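Count residues from 1 along the sequence. On a predicted model such as this, the values are computed, not experimentally measured, just so you know.
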Amino acid sequence: MTTGTDEHFLRLAFKLALKARQQGADPFGAVLVHDGTVVAQDRDRSVEASDPTYHAELAVISAYCRENHAFSLEGFTLYASVEPCMMCAGAIYWARISRVVFGAPQAVLQQMTGGTPKPSCESILNMGGKQRVEVVGPLLLDEALAVFEGYVWTPRLTRHRQLFGTSSS
């Protein structure tokens with residue numbers, strides 16, 4: 001079930017994605033919310049940090065948990081500009097986040113990037129087990145896709161090599 005509040009926080013994730021794009025990063029943003037308050041927000045930083053796991057979703061989960069000595073994020077909602085990838089879905093699961101709201105689905109992202117089809121976030125979060133994560137999306141799809149208009153997808157490794165001049169793989 002979506003609310004006007006969901007749309008508000010999702011639009012914040014879109015703004016972070018646009019900021020990432022303007023700063024030369026992949027256009028992804030995430031916002032972590034608890035009791036109607038933003039408690040963490042970030043954008044993709046994987047290339048600049050030389051960390052392929054530094055996706056926006058992992059950044060907000062890790063930062064909030066470390067800073068607050070939290071291990072469980074039950075009752076929290078994660079807003080992501082794009083449906084979380086498999087890695088991020090795993091982190092969401094282990095952090096016990098209760099809800100995920102996303103803009104563009106992975107299937108559309110894979111079409112834009114030429115990537116291979118991936119499992120849905122919901123299929124990863126709710127496979128087996130007792131834990132159930134509410135997954136809402138795609139939501140505000142036109143706004144989510146507007147972030148990508150004219151964006152040229154260059155492999156992260158290529159951009160990393162250009163930025164740091166390394167030949168590491």
Which heavy-atom pair separates [X] from [Y] by the least distance, and what is that distance?
X: A95; Y: I61; answer: CB-CG2, 3.9 Å
X: M86; Y: P119; answer: SD-CD, 3.4 Å
X: G29; Y: L16; answer: CA-CB, 3.9 Å
X: L163; Y: E48; answer: CD2-CA, 4.1 Å
X: R43; Y: A56; answer: C-CB, 3.6 Å
X: M87; Y: P52; answer: CE-O, 4.1 Å

_Results of ring pair (Phe, Tyr, Trp, His ring centres under 6.0 Å) for F148 - residues two or more places apart only_ = W153
_Taking ring pair (Phe, Tyr, Trp, His ring centres under 6.0 Å) as the definition, give me every residue that meets it alongside F14, ordered by chain and number, with sequence neighbours left out._
none
Minimum side-chain heavy-atom gap [X]-[Y] below 4.5 Å:
X: V101; Y: T77; answer: yes
X: Q106; Y: C121; answer: no
X: R156; Y: R159; answer: yes

_Once rounded to the nearest 0.5 Å, what's the spacing between atom OG1 of T53 and atom CZ of R45?_
13.5 Å
*OG on S81 to CG on L18, rounded to 0.5 Å*: 9.0 Å
[X]-[Y] co-clustered via ILVMFWY side chain contacts under 4.5 Å:
X: L58; Y: I124; result: no
X: Y79; Y: V38; result: yes
X: L73; Y: F9; result: no
X: V147; Y: L139; result: yes
X: L12; Y: F28; result: no

_Check: T154 main-chain N/O paired with T158 side-chain donor or acceptor under 3.5 Å_ = no
*Look at the side chain of S98 and the backbone N and O of G75, then say whether any donor-acceptor pair between them is shorter than 3.5 Å.*
yes
May I ask you to check whether [X] and [Y] show a side-chain donor-acceptor distance below 3.5 Å?
X: Y151; Y: D26; answer: yes
X: T37; Y: D35; answer: no
X: E122; Y: S120; answer: no
X: S50; Y: H160; answer: yes
X: D44; Y: Y54; answer: no

*With V133, which of L78, I97, V100 fulfils side-chain contact (heavy atoms from CB on, under 4.5 Å)?*
V100
*asked:* Would you say NZ of K118 has more than 12 non-hydrogen atoms from neighbouring residues, nucleotides or ligands within 6.0 angstrom?
replied: yes
